[in-house]
Amino acid sequence: MAPVASDSLQAEAAPAEAASALNGKKHATANGHAPVHTKLGFATRALHVGSEPSSETGAVIPAISLSTTFKQDGVGNHKGFEYSRSGNPNRDAFERAIASLEGGAHGLAFSSGSAVTSTILSSLPPHAHVVSVNDVYGGTHRYFTRVANVAQHIETTFVDMDSDDALEQRLQDAVRPQSTKLVWIETPTNPTLRLVDIARVSALVKRLAPDARVVVDNTFLSPWYQQPLALGADIVVHSVTKYLNGHSDVVMGVAVTSDEAVAERLRFLQNAIGAVPSAFDCWLALRGVKTLAVRMKQHGHNALQVARWLEKSTLIESVIYPGLPSHASHAIARKQIHPQAVALSADGPVAAAGLGLPYGGMLSFRFASSPDSDVASSAFLASLRIFTLAESLGGVESLVELPSKMTHGGLTNEQRRALGIGHNFIRISVGLEEPADLIADLEQALLKAAKASAAVAAGGDW
Ligand SMILES: *Cc1c(COP(=O)(O)O)cnc(C)c1O
């Protein structure tokens with residue numbers, strides 16, 4: 001059993017801890033380090049929670065602890081670790097850091113984002129019912145419909161969670177008060193970047209099915225921009241593979257909750273199922289998290305500049321970025337964004353001019369051409385020099401992809417049409433390169449796309 005994920009390091013969501021932080025009361029962490037308490041800012045906690053200097057050696061950076069087992073001074077008398085699947089120092093450090101950043105009491109790390117989904121679903125009884133946002137990550141949809149359904153007879157109802165007048169009715173129709181145990185939200189969705197009002201859905205769910213837990217997949221925004229627990233969610237999950245690690249070199253996942261019963265069950269399953277990350281991956285991911293605040297600010301800044309530039313192009317039918325005033329759910333973005341991220345944009349010239357706000361690094365757009373044609377998309381993707389054509393997202397380098405044939409290639413034509421993902425639809429993960437270089441790269445590739453389209457329109461061979 002890992003040491004109790006040191007409550008002293010948790011953030012504002014735990015009232016008792018916040019109170020003791022105010023009182024200046026000292027807590028000791030599992031390793032006896034001085035606590036980094038809750039009143040500290042996000043960037044400070046990202047750097048110091050889980051990275052307390054070693055009381056043994058003074059090392060400022062945690063050592064990588066590869067030992068699979070830990071000496072006991074007498075039977076059951078140990079320093080918090082017994083066997084590395086159940087808990088180890090590097091995983092414990094990472095779990096404490098993310099719990100602190102999400103404002104939760106408990107963090108639980110897994111070998112991938114998909115392993116988080118699998119472990120949470122494994123916590124449900126057979127024949128349980130799940131309600132999920134319809135535009136959910138493909139792997140999550142696959143797990144609900146082809147694993148949980150087959151192995152546990154779990155049924156999932158997919159619901160459009162757009163925040164319109166009919167939302168309450170749609171949820172009421174979907175929820176089964178007796179058997180709905182889980183409501184799964186993802187916001188923004190992938191790749192169409194629709195937003196769900198987490199507070200509104202959580203409140204409705206609490207009324208319709210008091211037993212159901214609300215899960216939010218926070219992969220696309222990270223706790224810098226969005227902290228679902230404070231908005232009413234019970235569990236927040238991440239593919240650490242994306243922004244939390246941020247360097248495209250670790251596959252990992254994490255769940256955070258302040259619900260003691262949920263935490264206890266997930267801790268049990270984390271050990272029992274054993275889909276746990278390696279000590280080295282935890283070490284790398286914690287290293288990535290140290291720069292989360294600066295990375296996310298810059299991702300948002302760069303993406304907003306790119307989005308605003310793309311909006312001016314006549315070759316493009318629509319740019320989808322929730323930080324743009326033109327986005328259908330821009331009001332939800334403004335309401336739901338964590339104040340720390342707004343404070344940043346308020347003193348930037350872009351926000352001051354009322355031209356949008358940084359809201360993560362993901363954006364999508366559609367070429368002004370038929371959704372059945374990939375002529376413009378193909379020429380565009382082949383011409384980019386800085387953007388790398390690849391799946392995944394959230395790394396420091398810019399990536400671009402064609403969802404219809406890559407990440408969402410597994411959907412039927414009908415499903416893709418319903419979601420608006422044609423062959424003219426491009427998804428970009430805006431990295432940390434100079435925005436001017438990114439825009440110049442997009443500009444030259446868009447010209448090639450225009451030429452290709454014109455050549456086809458003229459029936460010429462090009
Ligand atoms: C990538 C991703 C996942 C799955 O995570 P893995 O680490 O790839 O298993 C889940 N949700 C979202 C939103 C993702 O982008």
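Whatever order the structure lists them in is the order used to number ligands and atoms, beginning at 1.
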Charged N to carboxylate O under 4.0 angstrom, Glu186 versus Arg194?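 Here Glu186 does not pair with Arg194 in a salt bridge, since their nearest N and O are not under 4.0 Å apart.
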Run the salt-bridge test on Arg427 and Glu391 with the 4.0 Å N-O cut-off and return the result as yes or no. no
For ligand 1, output the ligand-protein N/O contacts shorter than 3.5 angstrom; if there are none, return none.
unit_1: ligand 1; atom_1: 5 (O); unit_2: Ser239; atom_2: OG; d: 3.0
unit_1: ligand 1; atom_1: 7 (O); unit_2: Gly113; atom_2: N; d: 2.9
unit_1: ligand 1; atom_1: 7 (O); unit_2: Ser239; atom_2: OG; d: 2.8
unit_1: ligand 1; atom_1: 7 (O); unit_2: Thr241; atom_2: OG1; d: 2.7
unit_1: ligand 1; atom_1: 9 (O); unit_2: Gly113; atom_2: N; d: 3.2
unit_1: ligand 1; atom_1: 9 (O); unit_2: Ser114; atom_2: N; d: 2.8
unit_1: ligand 1; atom_1: 9 (O); unit_2: Ser114; atom_2: OG; d: 2.7
unit_1: ligand 1; atom_1: 11 (N); unit_2: Asp217; atom_2: OD2; d: 2.7
unit_1: ligand 1; atom_1: 15 (O); unit_2: Lys242; atom_2: NZ; d: 2.7

Any idea which heavy atoms bring Pro322 and Ala333 closest together, and the distance? O-CB, 3.6 Å
Sequence neighbours left out, what passes side chain to side chain contact (heavy atoms under 4.5 Å, CB included) with Ser202? Give chain and number order. Ile198, Val214
Roughly how far, to the nearest 0.5 Å, is NE2 of His141 from CG of Leu411?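 The CG atom of Leu411 sits 7.5 Å away from the NE2 atom of His141.
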Which residue, Asp162, Asn134, Asp164, forms the side-chain hydrogen bond (donor to acceptor under 3.5 Å, both in side chains) with Arg170?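 Single pass found, and it is Asp164.
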